[in-house]
Structures are given as structure tokens and as C-alpha cells.
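Naming convention: chains lettered A, B, ... in sequence-line order (proteins, then strands); numbering from 1 in each chain.
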Amino acid sequence: MKNRTDVAIGVTTLFLCCIGTYELYSIGGADSTTGHLGPDSFPKVILTLLFLLGCAQIWQGVFHHSHKHYWPDAATGKKITLFLLWFILYCGLVITLGAWFSTFDNFYLQHNAAFSLSTFIFLTGALPLCGRRRVLEILLVSVTVPAAIVLSFSGFFQINLP
Amino acid sequence: MWIDVITAIGTALSPECLLANAIGVALGIVFGALPGLTATMGVALLMPLTFNMPTTEAFSALLGMYCGAIYGGSITAILVGTPGTVAAAATMLEGPALTARGESKKALDMATIASFIGGIFSCIALMTVAPLLAKAATAFGAEEYFAVAMFGMAVVASLSASSIIKGGIAALIGMYLSTIGGDPMSGELRNTYDIMGLYGGLPVVPVLVGLFAVSQILVTMEQYFTKTTGTVKLEISRIGLSWKDLWINKFNFIRSSIIGIVVGIIPATGVGTASYIAYSTAKRASKTPEQYGKGILEGIAATESSNNAVTGGALIPLLTLGVPGDIVTAIMLGALMIQGVVPGPMLFQNNPQEVYGIFSALAVSNVFMLVMGLLAVRPLSKVLLIPTAVLMPAVMALCIVGGYAENNSTFDLYIVAIFGVLGYLMHKVEIPQAPLLLSMILAPIAETNFRRALVISNNDYTVFVTKPISLCILLVTIGVVFKIFLDECKLRRLRTEAARAAGEDED
């Protein structure tokens with residue numbers, strides 16, 4: 001095997017094809033309203049081509065040299081994973097707090113509180129994760145960023161925040 | 001028609017539009033200048049702010065951001081030696097050498113003026129070519145639209161620098177994702193996996209915010225964690241550009257602008273390609289080609305006029321055919337739809353004021369870019385001093401707002417997160433993200449028109465080759481695919497030879 005990453009890409013592509021093919025069974029075929037081609041025709045063509053390219057990718061990974069892929073070292077990988085997990089938690093927090101605050105009878109709590117609070121929490125965690133240590137700076141950024149977004153988006157441009 | 005033109009110009013010059021344009025350009029320069037923030041990210045994040053604006057005002061802001069960001073990348077390329085955007089990668093071949101010689105102000109002024117000239121040329125091309133193309137495109141039927149979409153997808157699949165297979169995989173995944181939701185002909189639900197949030201199809205804005213903004217932040221954070229971003233020292237010299245420097249580049253400006261416009265019109269080729277082609281053409285035409293790479297203003301004139309000329313060029317297929325020329329115009333396609341404006345040949349008949357408003361807004365953006373570039377480059381370049389560790393988490397918060405604003409749906413936040421992770425992984429394994437998004441937009445055009453053409457022709461498959469325009473476009477598409485395969489074979493042969501040579505060296 002000359003390039004494991006290429007093989008992994010090929011295997012993942014084939015796996016996606018399998019999932020797509022499974023879902024394909026739930027789609028109806030052609031009838032008198034759709035002509036020769038039904039709703040399942042285009043996905044079938046795509047999945048067939050994807051399957052062929054997945055096989056080609058595995059073949060390339062096994063027999064051919066290609067670019068070396070640069071994955072981050074363990075320490076950087078850990079930091080990136082933590083940052084990513086923190087972001088996913090942030091998304092979850094926005095959704096959960098949003099659902100909770102929507103039960104309140106106050107306009108500002110319903111529309112801006114979830115985003116402001118979860119962004120404050122996200123930034124107070126993300127900044128130390130990125131190596132910022134000064135408490136005053138962390139607090140200042142964590143307060144001003146959500147405040148600026150709420151004022152500009154919700155206040156000035158009338159855009160709904162999550 | 002002239003009443004529409006005059007009204008549109010008046011709208012584009014109204015205080016609201018001018019303010020939106022100025023803010024867009026200033027933000028664009030900041031986004032372009034800051035490594036890790038891109039023009040795509042800027043336009044994607046600015047788009048939600050324009051939802052409640054009238055069309056011309058919205059496009060004043062978006063086009064300002066687009067032009068400003070393409071230009072802004074040159075500031076970092078010249079001063080720091082890091083391209084702020086892909087568009088400025090070629091500028092980096094000359095900029096840092098000029099800065100090292102104490103001629104940074106000269107280089108920055110040349111980048112500003114070249115960007116302005118390129119932008120204005122592209123504006124003129126847009127104003128003259130787009131109405132003619134739209135007129136011709138009114139004769140287009142389903143067959144021609146199918147052929148155009150196929151051509152776009154063929155070019156899109158070639159966007160992978162490392163492997164055509166990876167480009168193809170990305171494009172096919174994009175096509176598959178476009179089939180999620182209702183079937184365009186029968187309305188039957190398909191590929192929704194019984195997830196209610198997918199019944200209306202995969203929303204484009206959260207996908208692109210995840211793919212291009214969140215993933216880019218993760219890549220930048222990785223570079224920051226591995227300390228490969230370097231420290232920034234801002235020293236701008238005092239000596240500016242002379243008239244002579246501009247005069248000797250007059251043909252260079254025109255040639256590079258034309259290259260930029262043509263590259264912009266071809267779907268999915270992008271600003272990076274335009275600036276490299278213009279750079280190598282200018283080098284070939286130069287009396288002093290040996291000076292290239294050692295800090296020559298001609299190089300900057302070529303790259304910057306060509307990359308800004310792409311802006312207007314890329315809008316031509318978008319406005320006339322509804323086919324985006326690049327990722328940024330793909331976002332603008334979404335912005336037009338949200339405004340209730342359907343791009344295509346009928347746009348010039350149905351919404352003339354909006355179209356001419358967009359033309360005027362692009363011209364105004366270029367004027368603002370010139371003024372800000374010449375007068376405010378020193379204060380604007382100070383944004384480079386903002387620490388990455390503070391900036392990136394703050395932009396992450398903006399991604400949440402950008403992903404949510406299109407549909408006001410919390411389900412879209414999951415999509416932002418999923419596509420953010422996917423985009424980062426794609427970046428790591430060198431699968432290009434652009435084919436995925438562009439085919440997500442082009443595939444429904446291809447599928448709908450293919451099936452519509454068959455229904456109209458009573459399932460006659462020859463209908464695509466019996467119509468001359470459709471046949472020509474399909475032949476060009478086959479040519480493009482053939483060229484891609486030839487290039488891939490050549491690349492593979494070179495790679496094998498290099499690997500063999502490396503093996504012999506080790507022995």
C-alpha cells in the first residue's frame with residue numbers, strides 16, 4: 001500500500017455509496033408523469049459514478065505514489081480537536097438555550113439571550129484554548145463580541161439571531 | 001431602457017447604497033488582508049445582513065466586499081509575504097522583494113491602481129457583454145441549459161490540484177447532496193433519510209458557511225498552533241508611485257484585465273488562475289523578464305489588474321444564464337434568490353433596474369476601493385496586528401449567525417458544524433471544496449433541464465445533439481474532459497518518474 005490516506009478516502013466513498021444505495025430503495029421510479037426518468041434516475045447515475053471513482057481511488061492508493069498528506073502532530077491535533085469539540089458544544093448550547101429561552105414571555109430573552117450567553121461562554125473557553133491567558137482581555141472580548149453582534153445584526157439590521 | 005439605467009445609477013448613488021458600498025469595501029479589504037479570512041467567507045457572512053435591504057443596496061454591500069477582499073489580499077502579500085487570499089498568491093512573487101527594497105508604498109499603490117483598472121474594465125465588459133449574451137440566451141431551451149450546466153460541472157471537476165479523482169469525488173458528492181429534498185419534476189421526496197430538516201433540501205448558505213468559513217478557521221487555527229503564521233511587522237515606505245510607472249504598464253493593464261475578464265466568464269476557473277496566467281503572460285511580453293521574481297512593479301500590475309477583472313467577468317454567466325462563475329458568485333446567486341430576483345436571460349426584461357443597479361454598484365465599489373486603497377491603506381493594514389487567537393473565535397460566532405440567518409432554523413447550525421468538520425477533513429486530504437459546492441448548485445440545473453428536454457421531446461435522447469448550440473457546448477465539454485484526462489496522465493507520469501528518481505537516489 002503506497003498511500004493509506006488515499007485508500008481511506010476510497011473506502012469512505014464506497015461506504016457513502018452503500019448508504020446512498022440503501023436510501024435509493026425508498027425512492028419511487030419512473031411513471032407517466034415523469035417520463036423515462038424517475039426521481040431515482042439521477043441519484044443512481046451519481047452513485048454508480050461515485051462507486052467507480054471510489055474504486056479508482058483505492059486502486060491509486062494501493063499501487064501509485066501520490067502527495068504525502070500532512071496531518072497535524074499529536075499536540076496540535078489535540079488542540080484542534082478540543083477547539084472543534086468546543087465549537088460543536090457551542091452550537092448545541094445555542095440550540096438548547098434557544099429552546100429554553102423561547103418559553104419566556106420577554107422579547108429580548110426570546111430573541112437574543114441564548115446567542116449572547118452561549119457566545120460569551122464559547123469565547124471565555126475558546127480564548128484560553130487558543131493560548132490567551134489575560135483574564136481582563138478574555139472577559140473584554142467575550143463581552144464585546146456578542147454585544148457588537150447583537151447590536152449590529154439584531155438592532156441595526158433586524159436580523160434574527162439563533 | 002435608458003430610464004431604467006438612469007434610475008438604477010441614481011439608486012446606486014443614493015446615500016444608503018453608498019454607505020453600504022463603503023462599508024462593504026472596507027470590510028472586504030480587512031477580510032482580504034487578514035490571512036485566514038477569505039473573500040468567500042466575507043461575502044457568506046455579510047449576506048445575512050443584506051436580507052432586509054433592497055436589491056441594489058444589498059448588492060452594493062456584497063460587491064463592495066467582493067472587490068475589497070480580492071484587492072485586500074495584496075496588502076498582506078506585499079507587506080508580510082503571506083497571501084491574504086488565493087487571488088494574491090501571484091502578487092507574492094514580487095511584493096515582498098519590493099518591500100525588502102523599501103518600495104512597499106510603490107507596490108501597494110500599484111496594486112491599488114491595477115485593481116481599480118481591472119475592476120473598471122470588468123465593469124465595462126459586464127455592461128456590454130451581459131445584455132448581448134442575455135439576448136442570445138433567450139433562445140436557450142432546456143437542452144442548452146443542460147449543456148451549459150454540464151460544461152460548468154466538467155470545469156468544476158478539474159479544480160483539484162492534486163488529483164482528478166478527488167475532484168470528481170467532491171463534485172459527485174455535491175451532486176448527490178443536491179438531490180436531497182423534493183424531486184424537481186414530480187415533487188416526491190428523495191434522499192432525506194427521514195430527517196424532517198432535509199425535506200426542503202440541503203440549505204446552501206449553512207453548507208458554504210461550514211465548508212468555507214468554519215473549515216478555514218480550523219485550518220488557520222492549526223497553522224497558529226503549529227506557529228507557522230509568523231510575526232507581523234508593518235513598515236510602509238514613503239515613496240509612492242510615479243506617472244511614468246503607470247504609463248509604461250498601460251498595455252500590461254489592458255492585457256491582464258482582458259485575461260481576468262475571460263477567465264472570470266469561464267465557470268469555476270477562479271481568480272488564482274487569472275493572476276498566474278496574467279503574470280506569466282506579462283513576463284513573456286516584458287523587455288526585462290529576468291527582473292521577474294526579484295521585485296518588479298510590472299508583475300504586480302499584471303496580477304492585480306487580472307484578479308480584480310475576474311469580479312465583473314464572473315458576474316456575466318451568473319446574471320445572464322443563472323450559472324455562477326465561481327464560489328463567490330454562487331453565494332450571490334443565493335442572495336439574488338432571497339431578494340426574489342431570478343437570474344437568467346429574462347432578468348434583463350423582468351428586473352432591468354436591479355440589473356443596472358448591480359452594474360453601477362460594481363463601478364462604485366471599484367471607486368471606493370481606489371480611494372480607500374490610496375488614502376487609508378496605513379490604518380487599514382493595522383488590522384494585521386489583531387491576534388489570530390482573538391480573531392478566529394470571534395469569526396466563529398459570526399459563522400453561527402451566518403448559518404442561521406437564511407432560514408431561521410436551528411437545524412442549520414448542525415449543518416454548519418457538520419460541513420465545517422467535513423471541509424477541514426477535505427482540506428487535510430486535499431479534496432477540493434469548491435467542486436462540492438458548485439456542483440450542488442449546477443446539478444439541479446442539469447437534472448431539471450435534462451428531464452424537461454426529454455419530456456418535451458417525447459423521450460428523444462438525440463435532442464441534445466440535434467440543436468446546434470447545445471451540440472457545440474457539449475463538444476466543448478467533451479474537449480474539456482479530454483484535456484483534464486490528458487493533464488492527469490501527464491501529472492501521473494511526472495509523479496511516477498519523480499518517485500522512481502527519489503528511489504534511485506536512496507539506493
Side-chain angles (χ1 to χ4, degrees), chain A residues 5 9 13 16 20 23 27-28 31 33-40 42-43 46-47 49-50 53-54 56-57 60 64-67 69-73 76 79-80 83-84 87-88 90-91 94-95 98 115 119 122-123 126-127 130-132 137 141 145-146 149 153 157-162, chain B residues 48-49 51-53 162-163 165-166 168-169 172-173 175-176 179 183 185-186 188-191 193 214 218 221-222 224-226 387-390 392-394 396-398 400-401 404-405 408 410 413-414 416-417 420-421 424 428-431 443 447 450-451 454-455 459 492 495-496 498-499:
Chain A
T5 310
I9 294 167
T13 308
L16 290 175
E23 182 66 13
I27 309 172
D31 58 30
T33 57
T34 57
H36 269 190
L37 304 172
D40 61 338
F42 196 57
I46 295 168
L47 289 172
L49 291 173
L50 201 56
L53 283 187
Q57 185 65 32
Q60 173 147 318
H64 284 267
H65 283 285
S66 64
H67 279 297
H69 299 96
Y70 296 100
W71 293 96
D73 57 69
T76 312
K79 282 180 189 169
I80 283 288
F83 189 75
L84 191 58
F87 172 67
I88 293 168
Y90 170 43
C91 291
V94 172
I95 294 166
F115 176 77
T119 306
F122 169 69
L123 290 173
L127 291 174
C130 298
R132 309 304 287 187
E137 183 195 54
V141 173
V145 169
I149 293 175
F153 280 73
F157 292 102
Q158 307 286 307
I159 304 287
N160 286 334
L161 294 174
Chain B
L49 287 178
F51 287 168
N52 294 333
M53 293 179 183
S162 62
S163 154
I165 299 176
K166 288 179 184 171
I169 288 174
L172 285 167
I173 291 175
M175 284 183 212
Y176 183 77
T179 64
D183 173 51
M185 300 294 274
S186 65
E188 188 185 327
L189 287 179
R190 56 181 184 176
N191 300 330
Y193 298 86
V214 174
L218 293 172
M221 287 314 299
E222 187 190 314
Y224 170 75
F225 288 140
T226 47
T388 310
V390 173
M392 292 302 148
M396 220 39 150
L398 280 175
I400 290 285
V401 180
Y404 175 80
N408 290 340
T410 46
L413 298 184
Y414 292 117
V416 171
V421 178
Y424 174 70
K428 293 313 296 175
V429 299
E430 293 181 353
I431 297 178
E447 185 193 5
F450 184 75
R451 288 170 64 186
L454 284 181
V455 169
N459 298 312
R492 189 166 290 179
R495 230 179 253 160
T496 315

Problem - Minimum heavy-atom distance between A:L127 and B:P393, given as atom pair plus value - result: CD2-CG, 4.1 Å
Completion exercise
Heavy-atom closest pair (A:I9 atom, B:K166 atom, distance to 0.1 Å) is CD1-CE, 3.8 Å
Rounded distance (nearest 0.5 Å) linking atom [atom1] of [X] with atom [atom2] of [Y]:
X      : Y      : atom1 : atom2 : value
A:L47  : B:M175 : CG    : CE    : 12.0 Å
A:I95  : B:Y404 : CD1   : OH    : 10.0 Å
A:L49  : B:I169 : CG    : CD1   : 11.5 Å
B:Y424 : A:I80  : OH    : CD1   : 4.5 Å
B:N191 : A:F42  : CG    : CZ    : 11.0 Å
B:L172 : A:L16  : CG    : CG    : 11.5 Å

With respect to chain A, which residue among [options] yields the maximal number of heavy-atom pairs within a distance under 4.5 Å?
options                        : value
B:M392, B:M221, B:M396         : B:M396
B:L49, B:N52, B:V401           : B:L49
B:L413, B:T179, B:I400, B:T410 : B:I400

With a 4.5 angstrom heavy-atom cut-off, could you sort out which part of [X] is near chain B: side chain, backbone, both or neither?
X      : answer
A:F83  : side chain
A:L123 : side chain
A:I149 : side chain

Greatest number of heavy atom pairs closer than 4.5 Å to chain B - which of [options]:
options                     : result
A:L50, A:V145, A:T119       : A:L50
A:A126, A:P162, A:C91       : A:P162
A:D73, A:T76, A:I88, A:V141 : A:T76
A:E23, A:Q57, A:K79         : A:E23

Exercise for the section: Let me know if B:N408 has heavy atoms under 4.5 Å from chain A in its side chain, its backbone, both or neither. Expected result: side chain
Problem - Stepwise side chain to side chain contact (heavy atoms under 4.5 Å, CB included) test for B:V421 and A:F87 - result: CA-CA 10 Å; B:V421 178; A:F87 172 67; over 6 Å; no
Completion exercise
The salt bridge (charged side-chain N to carboxylate O under 4.0 Å, His left out) partners of A:R132 (sequence neighbours excluded) come to A:E137
